[in-house]
Amino acid sequence: MIEQLVLDTLLNAVKELYKQDIPSKLAQVQKTRPEFEGDLTIVVFPLLRTSKKGPEQTADEIGNFMVSNLNEVTSFNIIKGFLNLSISSKYWVKFFNDNSKLSTFGKHPKKKLAPVVVEYSSPNTNKPLHLGHIRNNLIGWSIAEIIKNSGQEVAKVNLVNDRGIHICKSMLAWQKWGNDVTPKASNLKGDKLVGDYYVIFDKKNKEEIKALVETGMEEDEASTSTALMREAKEMLKRWEDNDTTIRELWSTMNQWVYNGFDSTYSRMGIDFDKVYYESSTYLLGKKLVDQGLELGVFFKKEDGSVWCDLSDDGLDEKLLLRADGTSVYMTQDLGTAQLRYDDYHPSKLIYVVGNEQNYHFDVLKLILKKIGKSWADNISHLNYGMVELPHGKMKSREGTVVDADDLMDEMYKTAKQTSEDLGKFDDLSIEEASSLYNVLSLGALKYFILKVDPKRTMTFNPAESIDFNGNTGPFIQYTHARIRSIVRKSKALNLVLDDSISHDYVFETKEKSILKILHDFPEITLQAATSLSPALVANYAYELAREYNQFYHEVMILKEIDSEKRNFRISLSEFTGKTIKYAMALLGIQVPERM
RNA sequence: GGUCCCGUAGCUCAGCUGGAUAGAGCAUCUGCCUUCUAAGCAGAGGGUCCCAGGUUCGAGUCCUGGCGGGAUCACCA
């Protein structure tokens with residue numbers, strides 16, 4: 001890496017010239033801004049204290065040192081306190097010749113480390129997937145790919161919350177008002193059907209609460225003492241007691257939901273290496289709670305409920321088991337964490353879960369440590385921000401929840417419409433066209449979500465459809481298609497005779513700037529892995545595509561007369577196309593050969 | 001109220017460990033399809049980087065204090 005080379009030489013320069021070692025943070029190397037001449041820039045201000053000379057003179061001395069000690073540095077210029085270095089075209093030529101034909105450019109060698117477990121999606125079986133889940137799934141899937149690309153082994157896992165009071169609510173409502181309806185009979189996706197009964201429960205329960213309040217009961221009390229709630233709790237108890245009828249109904253309805261989820265996942269291109277179900281981890285969780293009691297780090301209240309006191313850590317008491325012995329969220333998460341640890345002994349356990357659960361994960365780690373699990377330190381919570389609408393959160397009560405399937409349908413229609421308006425695909429078969437619209441619509445949706453820093457709360461406006469122009473997935477896809485067209489034509493014309501360029505090739509400005517961006521790619525993918533941010537890759541792909549389009553408009557490629565230039569430009573195009581494709585693949589976005 | 005996150009153009013977002021004149025896209029306006037794909041390119045306008053202090057040669061970036069927004073502090077998950 002040239003940056004590192006310059007940095008090391010800079011440290012040597014200071015040592016030689018001023019007889020002092022300096023802390024590495026004073027040695028600052030950055031890319032030269034395009035308006036100045038040069039490739040890399042050393043900021044000399046931090047060095048003045050050491051050199052005890054003015055900025056110009058210091059820069060001049062270091063510049064001379066660079067030129068005579070580093071072959072790659074051919075010349076320099078000084079503007080204010082900035083020392084701009086020009087890197088030899090030999091270096092860029094070598095970079096190009098070494099990498100342009102690699103199929104794995106950007107991929108890092110395998111490390112010998114325990115795997116990283118990435119959990120994402122984690123749906124409840126009482127609600128269909130919505131836009132929030134889409135963000136979760138896309139971030140999780142992509143970050144898993146990015147970490148894999150960085151050389152780490154990765155296990156993608158899903159944790160389905162298939163048990164608990166909420167599932168019982170759907171089941172109860174279905175029993176009471178469902179008339180034995182099935183997804184097949186109603187022609188509804190299973191997750192939608194079950195979700196509907198969850199809503200029905202809520203509605204009927206509210207009516208009951210209202211009635212109770214009218215008899216003079218306090219709202220708080222009323223909300224926990226409706227007949228429906230009692231029945232749901234009773235059902236949960238029977239479920240935990242392995243009641244056959246309840247278990248059968250539960251399996252049936254969950255299976256409906258899974259079928260629905262699977263179709264949504266597969267459409268989105270989301271997959272998992274392993275799926276955990278809370279129904280099979282909560283018992284282990286209960287066992288851990290018992291252990292905690294024996295260790296004396298948990299305590300039991302008079303009503304039989306079990307708690308962990310975290311007041312020494314600045315937090316509250318946390319419930320671990322209800323008085324009736326049934327488990328809560330934390331119980332099952334303890335069990336799941338343990339099970340994963342046993343399965344993988346991971347070097348890192350990443351939970352992709354919304355930032356509304358930050359508190360939960362702080363507590364989870366603390367509790368695990370209290371019962372002696374030192375590996376709790378390997379848990380990291382990738383807490384992404386919520387997706388909001390222009391007027392705030394999505395609310396199911398107000399019907400503003402953006403359903404995942406509906407949104408993908410919308411996007412598909414827009415992609416189809418846009419494409420038909422452009423009228424470029426009249427020769428495609430119906431299947432080919434539809435597969436293209438799929439690629440484009442998903443590209444638009446995924447890029448829209450992933451280009452935003454995961455940490456940030458993001459806004460989605462359902463009134464404006466997601467764009468297909470500008471800083472979008474389709475723009476990048478288009479650039480790829482454009483490149484492929486060039487490459488196809490060059491092959492048809494047998495234009496590329498020689499793949500590599502000579503070491504004294506003189507670059508056009510745009511050729512150089514594309515080369516520099518390509519040069520950054522491996523580093524960007526590493527940064528994305530360490531900072532857990534697919535957004536870095538997304539923004540990178542956009543920058544590369546934008547730069548390429550400018551290049552495309554500025555210079556001739558196939559029509560260039562000078563054969564070396566023409567060959568280089570074609571190869572550079574191909575290299576760019578490949579890198580765009582690779583970067584987009586890390587985001588789970590396909591790129592078409594033509595569009 | 002406690003804890004945490006956020007505040008950059010009309011809107012949606014970039015801005016790496018502090019560095020040169022704060023960048024894109026959308027929207028608005030103006031050009032460019034008889035030349036390799038116009039889902040493109042070029043150009044114009046649009047900014048108190050929430051406010052006030054501080055650290056520094058240098059602050060959108062770091063610190064403190066405000067203001068504004070959000071999350072969370074459930075026998076929901």
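No experiment lies behind these values; they were computed from the predicted model shown.
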Salt bridge check: are R569(A) and E564(A) linked by an N-O gap of less than 4.0 Å?
no
When the P atoms of A52(B) and C67(B) are considered, how many whole Å apart are they?
15 Å
Roughly how far apart, to the nearest Å, are A14(B) and C50(B) at atom P?
14 Å
Give the nucleotide from the list C76(B), C36(B), U37(B) with an atom nearest to the side chain of K424(A).
U37(B)
Salt bridge or not between E508(A) and K565(A)? Use side-chain N to carboxylate O under 4.0 Å.
yes
Considering only atom C1', compute the distance from C49(B) to A59(B) and round it to an integer number of Å.
11 Å
Give a yes or no on whether the ring-centroid distance for W250(A) and Y277(A) is below 6.0 angstrom.
no
If we take the C1' atom in both C73(B) and U12(B), what is their distance in whole Å?
32 Å
With a 4.0 Å heavy-atom cut-off, tell me which residues in residues 438-450 of chain A come close to RNA chain B, sorted by residue number.
L440(A)
By nearest atom, which of the nucleotides A74(B), U21(B), C75(B) is closest to the R33(A) side chain?
U21(B)
Please determine whether a side-chain nitrogen of the Lys or Arg among R230(A) and E234(A) lies less than 4.0 Å from a carboxylate oxygen of the Asp or Glu.
no
In whole Å, what separates the P atom of U28(B) from that of U37(B)?
29 Å
Aromatic ring pairing Y542(A)/F475(A), orientation class (parallel under 30°, perpendicular over 60°, tilted between):
tilted
In the structure I gave you, are the side-chain heavy atoms of Y351(A) and L364(A) within less than 4.5 Å of one another anywhere?
yes
Does any N or O donor sit under 3.5 Å from an N or O acceptor when you compare the side chain of T479(A) with the base of A39(B)?
no
Take L236(A) and R322(A) through the test side-chain contact (heavy atoms from CB on, under 4.5 Å) and record every step on the way to the result.
CA-CA 12 Å; L236(A) 178 61; R322(A) 293 192 186 99; 3.7 Å; yes
Ion pair check, E317(A) and K301(A), cut-off under 4.0 Å
yes
Between C36(B), A20(B), C75(B), spot the one nearest the side chain of K489(A), thanks.
C36(B)
What nucleic acid atoms does V306(A) come within less than 4.0 Å of, heavy atoms only: base, sugar-phosphate, or nothing?
nothing
Looking at every strand, decide which applies to D313(A) at a 4.0 Å heavy-atom threshold: base, sugar-phosphate, or nothing.
nothing
For atom OH of Y552(A) and atom C1' of A39(B), their distance in whole Å:
13 Å
Counter-base of G68(B), judged by Watson-Crick or G-U geometry with both distances under 3.5 Å:
C6(B)
Show the distances under 3.5 angstrom between N or O atoms of the protein and N or O atoms of nucleotides 41-43 of chain B.
residue, atom, partner, partner atom, Å
C41(B), O4', H553(A), NE2, 3.0
A42(B), OP1, Q550(A), NE2, 3.3

Nearest-angstrom distance from the residue atom CZ of F468(A) to P of A39(B):
13 Å
Which listed nucleotide (A39(B), C76(B), C36(B)) is nearest to the side chain of F425(A)?
A39(B)
Tell me if the aromatic rings of Y198(A) and F201(A) count as close, with their centers under 6.0 Å from one another.
no
Produce the list of close N/O pairs, under 3.5 Å, pairing protein atoms with atoms of nucleotides 54-58 of chain B; give distances to one decimal.
residue, atom, partner, partner atom, Å
C57(B), OP1, R49(A), NH2, 3.0

Using atom C1' of each nucleotide, how far apart are G54(B) and G47(B) to the nearest Å?
25 Å
Re C57(B): Watson-Crick or G-U wobble partner, both distances kept under 3.5 Å, found to be G19(B)
Opposite nucleotide pairing with C29(B), Watson-Crick or G-U, both atom distances under 3.5 Å
G43(B)
Phosphate OP1/OP2 of G40(B) contacted by N469(A) side-chain N/O (<4.0 Å)
yes
Counting only side-chain heavy atoms from C-beta out, which of G23(B), U72(B), C26(B) sits nearest to Y359(A)?
U72(B)
Could I get a table of every N or O pair under 3.5 Å where one atom is in the protein and the other is in nucleotides 13-17 of chain B?
residue, atom, partner, partner atom, Å
C13(B), OP1, T459(A), N, 2.6
A14(B), OP1, D453(A), N, 2.6
A14(B), OP2, R456(A), NH1, 3.0

Restricting to pairs with a member in residues 26-47 of chain A, which pass salt bridge (charged side-chain N to carboxylate O under 4.0 Å, His left out), not counting sequence neighbours?
K31(A)-D520(A), R33(A)-E35(A), D39(A)-K512(A), D39(A)-K516(A)
Within the structure shown, what part of the strands sits under 4.0 Å from K455(A) by heavy-atom distance: base, sugar-phosphate, or nothing?
nothing
Using a 4.0 Å heavy-atom cut-off across all strands, classify S531(A) as base, sugar-phosphate, or nothing.
nothing
For C13(B) versus A27(B), give the span between their C1' atoms, rounded off to a whole number of Å.
15 Å
Charged N to carboxylate O below 4.0 Å: is that the case for R566(A) and D562(A)?
no
Nearest-0.5 Å distance, NZ of residue K446(A) to CD of residue Q590(A):
7.5 Å
Let me know, please, whether K80(A) or E388(A) comes out on the 5' side of the other along RNA chain B by nearest nucleotide.
K80(A)
In terms of side-chain heavy atoms of Y542(A), which of C26(B), A24(B), C76(B) is nearest?
A24(B)
Taking the six-membered ring for Trp, are Y329(A) and H360(A) parallel (under 30°), tilted (30 to 60°) or perpendicular (over 60°)?
parallel
Could you point out which residue of T125(A), N126(A), D162(A) forms a side chain to side chain donor-acceptor pair (under 3.5 Å) with N254(A)?
T125(A)
Listed once per pair and sorted, the salt bridge (charged side-chain N to carboxylate O under 4.0 Å, His left out) pairs that draw on residues 302-313 of chain A, sequence neighbours left out:
D313(A)-K370(A)
Find which nucleotide of RNA chain B each of T41(A) and T472(A) is nearest to by heavy atoms, and output the residue with the more 5' nucleotide.
T41(A)
Please measure how far the P atom in C63(B) lies from the corresponding atom in C76(B), and state the result in whole Å.
39 Å
Between atom CG of L587(A) and atom OH of Y540(A), what is the distance when rounded to the nearest 0.5 Å?
12.5 Å
Just confirming the chi classification of C29(B), syn or anti, using 90° around 0 as the syn window.
anti
Would you tell me if any nitrogen or oxygen in the side chain of S305(A) comes within less than 4.0 Å of OP1 or OP2 on C75(B)?
no
From CA spacing to verdict: side chain to side chain donor-acceptor pair (under 3.5 Å), E388(A), T457(A)
CA-CA 7 Å; E388(A) 290 187 352; T457(A) 303; 5.3 Å; no
